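Each remark here refers to the structure printed beneath this line.
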2 protein chains.
Amino acid sequence: MSVGIRHDDLRRRNRAMVISAVRRAGQPSRTEIAATTGLSHSTISAISSDLIREGILAESKASEPVSLKRGRPQVGLALNPEAAAVLTVVLSLNFLSAAIIDYAGQVVAEEQRRLDTLTMPRDELIRECMAIVRRRLDDPDLDVRSVARIALAIQGITDSPARAMLWSPITPQTDIAFADMLEDEFGIPATVENDCNMMAVALRWRDPDRYRDDFIAILLSHGIGMGLVLKGELFTGTHSSGGEFGHMIHRPGGALCRCGRRGCIEAYAGNYAIWRNATQMSEDSQPVADVSDADMRALAVRAREKDGPEREAYRKAGEALGFGLGSLFALIDPAPVAMVGASAAAFDLIEPALRKAIAQTAGGQHSGSISFDTEPNELPLIREGCAMRALSFVDQQIFAPGAQMRPGVRKNVA
Amino acid sequence: MSVGIRHDDLRRRNRAMVISAVRRAGQPSRTEIAATTGLSHSTISAISSDLIREGILAESKASEPVSLKRGRPQVGLALNPEAAAVLTVVLSLNFLSAAIIDYAGQVVAEEQRRLDTLTMPRDELIRECMAIVRRRLDDPDLDVRSVARIALAIQGITDSPARAMLWSPITPQTDIAFADMLEDEFGIPATVENDCNMMAVALRWRDPDRYRDDFIAILLSHGIGMGLVLKGELFTGTHSSGGEFGHMIHRPGGALCRCGRRGCIEAYAGNYAIWRNATQMSEDSQPVADVSDADMRALAVRAREKDGPEREAYRKAGEALGFGLGSLFALIDPAPVAMVGASAAAFDLIEPALRKAIAQTAGGQHSGSISFDTEPNELPLIREGCAMRALSFVDQQIFAPGAQMRPGVRKNVA
DNA sequence: CTAATTTTTTCGAGCCTCGAAAAAATACTG
DNA sequence: CAGTATTTTTTCGAGGCTCGAAAAAATTAG
C-alpha cells in the first residue's frame, strides 16, 4: 500500500522541488522555477521567500548579466554556500581522502592520505577513517555545526540502506558498519556508498544531456565495477548496492576470479586478469594483489606496438566486457556507457573485441549506435558523486523536512 | 525536473489510493482504509462517499460476517462490478483468447480460438485479433460503453510504452502497433503487454506475501521469458519490455538459439533446446519450430526413468538457467523465483543442476535460501495479469483523473 | 519623462485534510 | 427490555496550501 498524501506533505515536497531546481539550474529566476516545476508564480514566490528568510537560498546580485530584455530584470536565486556543509570520504585501495563541501557544492578543504589497506587490521582501518573525519571537522575555519551529512564511498559491496560496507576488495575485513560508527562518533548522519554508484551520480551532474535517464558507468580497474542509472534512478540491489557487473558469469567454470569463483567477467577484464593473460600465466593462477598503473600503461604500450600476448589479453578483456554488456543490454536495453578508471585509457585496445562481442548478443542490433565515453580518473568523480548525494540529502531531508515515508510503502505493480 | 504537486493532485492521488486499497483488500471498512493509507477518518469518509455516489464503490451488505466485537459494525466497501469493464486479449503460439472482466475482477465472458500463428500472414493475424475483440464487444449482454480498457498480452518483445509488439516468436511478423489499431478501431484505450510481465503482475496479486517487492517469474516454454518485479515495480527495459533473460549469454559462441545468435540461455533451456539435446542432435542444428507438450512430458518421463541423453538435456537446461540466474542475482541480489509454464512440471529434473550452477556464482552465497515455486499453467496467469493491469489503469486514470504527469519528468539521482 | 514590458509580490477564493465532537449502530448488563 | 459501553462513521469548523487576478516593482524604449 502506498501511503496517502497528507496536506502538510504538499508544502514539503514543493519546497524540495524548488531547492532541487536551484541546485540543478545554478541561478534560475523565480519565473524559470515556476516554468520548470509547473507551479504558479505565487507559490514559487511564497516558497522562495521562505527559503531566503531561512538562509537556504540567496538572491544572487553578484553576476548580473544585464538582461537585454526590457521589463523588470529577473533576479537569480542561488544556494547559500553557508547554509550547510557536507563531508565526503573516499576509501579506495591504499588511499583515503576526505573533503568538506559547502552547500553550493564548492570544495572548502581537502585531505589525502596513503595507507596500506590490504594488510591493515580492522581496528586501524576504522581508526584511520575516523581520524581523517575528525581532522576535517576540527578545522578551525569550519563551523562544525554546519556539517549536516557525511558520505563515505568505498570500493566493494555496501548494503542497500547505505549503512555498512559488506565486502571490499581493498581489505580482507568485511561487514564494517561505517555509517553507525560515524554517527555515533560525530553525531552527524552518515551513509556508506558504493564507489561506482557515486561515479554514476557524478556523471549525471556533470553531463545531464548525455547521462540522463538511463546509462551505465563501468569502472575498469583492478576489479570491474558498475554504477547503473535506470529511469532516472540509481539502481541498487534489493539487499546490497548490487550491480555486480564484474561478477556476472562470462564463461562457466572459466578463469579464476579474485572472488574465488570462476568465469566472472572480472577474471578476464580486471587489471589482474589482463596482467595474468599478458604474462601468459595460467587462468587458474591466483590473481596478483595489485598491478601498478605504470605497469598497466607499459602493458598497453606493448599491446599497441605489436600483436602478442599483451594485445590478446586486452582482446579477451574486451570480449568479456562485450558479452557481459550484451547480457546486460538483453535485460535493460542498450544505453550509453562511460568507461571510467585507469584502464579506460587503454579502451582503444579493448573496444574492437568488445564491439564484436556485443554484436553477437541481443543488444547487438544496436551495437553501432552504442556510444562509449572514457574518463581515466575515477577519484574526482567518486568524490563529486558523494558530495552531490550528501547535498541532495540535505536539500530534501533537512531543508524540506516533514512527513517522512513510513516503512512498508508499497507500490502498485499492475 | 520533477514536477511540483498542484493542489488538485492531492484529492486525485488520495482517491486513487482509496480505490487501490479496496481493490487489494477486497472488502475493507473505512476504518481499515484509514489505517492502511494513513489518511484521517474524515478524509476517507469524504472520499468514499464520493466514490459511492459516483458508482465506483458500493457498500457490501451481502456478506456480513457478524462482527463479534461490540460497537457499530464495520461496513465493508467493495468495488462495484458494474462501474466498468475491461477486455483482455492473450495471443500466444497458435492460440488466441479474449475475455471481458468486470470492475470487481470477475470474468464475465470468454472466448478461445486456435490459429496457426506461425504461418499466418500479417493482415490475417491482425484481423483475427480485431475480430475476437469485436465479437466480445458485440455480446448483447454487455454494455459496450462500460469497456474502459483493452490489454493485449503477447509472447515476445513489446515496446516500453506498451503500444506495439516489436518482435515475437509466435509469428514472423514484426512491429505491429496493436494498441493504435485497437484504439482506432474501437475507440477504447489499449496497451500491448509482454506475457511474462503479466505473469509477474498476476503472481503479485495471487500471493502478495511471497511475491511482494522483489521477485522473478520465469517462463519455461518453447522459449525462455522473464517478468521481473524490483522494488515493487514491474521492471521494463528503457525502450522495450526488456528482461530478455532467455537471451543473456550463457556460453559465448555456444549452441544455436532460435534468435539466430549463439550461446543464449534459451539455446540450452528452451523446449526446443532440451529436445535437441535429448535427441542428441548437434547444438548447431536449427531449432525445431514447436515441440508438443505431450512430447515434452514423454521426455521428462524418460529422463526420470534412467540416466541418458534426456536427463543430460535437462541437466544442461538447469545449468544454463542457474548460471543465468547467478548473473542476474549478481546484478539485483537474490530474490524469490517462480517457474511458470509446461516445463515447470519438469523442474525436478532441472533443479539440481540449476542449484549447483547458482552455487558457483555471486548469488551462490545464498543459494540454499533461494526458493523456487512452480506453476505449470501460464495462460490463466497471463490473463489475470492483463486484467489487473487494465483494471489498475481504470482505477488510476479514469476514476481518479486529473493533472497527469507531463513528459520529461525527471527524478533526482543523487 | 512617459509608456511599455516583464518580473515579483499581494490578496482573496476555493479546496483539501485534520481533529474534535456528534451521530449511528451494535453488544453487553442487570 | 432499557440503559450503558463501545466502535464506526459522519459532520463541522479551523488551518493551510495553491491559484488566478491584480497590484507593485524594476527596467528599457522612445
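Here the structure is a predicted model, which means the values were calculated and not measured. Throughout, a chain's letter reflects where its sequence line sits, starting with A, and its residues are numbered from 1.
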**OP:** For A/Ser45, report the nucleic acid contact type (base, sugar-phosphate, nothing); a contact means any heavy atom under 4.0 Å.
**Re:** base
Original post:
Does A/Glu384 have any side chain to side chain contact (heavy atoms under 4.5 Å, CB included) partners at least two apart in sequence or in another chain, and if so, which?
Top reply: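 Checked A/Glu384 against side chain to side chain contact (heavy atoms under 4.5 Å, CB included); matches are A/Ala202, A/Arg206.
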Subject >> Set of side chain to side chain contact (heavy atoms under 4.5 Å, CB included) partners for B/Ser241, sequence neighbours left out >> reply: B/Ile157, B/Thr158, B/Asn194, B/Asn197
Original post:
Is any side-chain heavy atom of A/Arg30 less than 4.5 Å from a side-chain heavy atom of A/Val75?
Top reply: yes
List in chain and number order the residues that pass salt bridge (Lys or Arg N to Asp or Glu O under 4.0 Å) with [X], two or more places apart in sequence or in another chain; answer none if no residue qualifies.
| X | result |
| --- | --- |
| A/Arg15 | A/Glu54 |
| A/Asp141 | none |
| A/Asp180 | A/Arg163 |

Subject >> Partner residues of B/Phe235 under the ring-ring contact (aromatic ring centres under 6.0 Å, His included) criterion, sequence neighbours left out >> reply: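 With neighbours one apart ignored, the set is empty.
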Subject >> Among D/dT27, D/dT8, D/dT10, the one nearest B/Gln74 by side-chain distance >> reply: D/dT8
**OP:** Side chain of B/Val75 only, please: which of D/dA26, D/dT9, D/dA5 is the nearest?
**Re:**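 Looking only at side-chain atoms, B/Val75 lies closest to D/dT9.
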Atom pair distance, as rounded to whole Å: [atom1] in [X] and [atom2] in [N]:
| X | N | atom1 | atom2 | result |
| --- | --- | --- | --- | --- |
| B/Glu32 | D/dT9 | CD | P | 9 Å |
| A/His41 | C/dT5 | NE2 | C1' | 15 Å |
| A/Ile44 | C/dT9 | CD1 | P | 11 Å |
| A/Arg53 | C/dT9 | CZ | C1' | 14 Å |

**OP:** Could you tell me whether the phosphate oxygens of C/dT9, OP1 or OP2, come under 4.0 Å of any side-chain nitrogen or oxygen in A/Arg30?
**Re:**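 True: A/Arg30 side-chain N/O within range (under 4.0 Å) of C/dT9 OP1/OP2.
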Original post:
Looking only at side-chain N and O atoms, does B/Ser49 come under 4.0 Å of OP1 or OP2 in D/dT10?
Top reply: no
Original post:
Does any pair with a residue in residues 4-56 of chain A pass ring pair (Phe, Tyr, Trp, His ring centres under 6.0 Å), and if so which ones, sequence neighbours excluded?
Top reply: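 Those involving residues 4-56 of chain A are A/His7-B/His7.
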Quick test: give all pairs of protein nitrogen or oxygen and nucleotides 20-23 of chain C nitrogen or oxygen below 3.5 Å, distance rounded to 0.1 Å.
none

Between the protein and nucleotides 14-17 of chain C, list every N/O to N/O distance that falls short of 3.5 Å.
residue: C/dG14; atom: N2; partner: B/His7; partner atom: ND1; Å: 3.2
residue: C/dT17; atom: OP1; partner: B/Asn14; partner atom: ND2; Å: 2.8
residue: C/dT17; atom: OP2; partner: B/Arg11; partner atom: NH1; Å: 3.1

Subject >> From CZ (A/Arg149) to OG1 (A/Thr88), nearest 0.5 Å >> reply: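 The distance works out to 13.0 Å.
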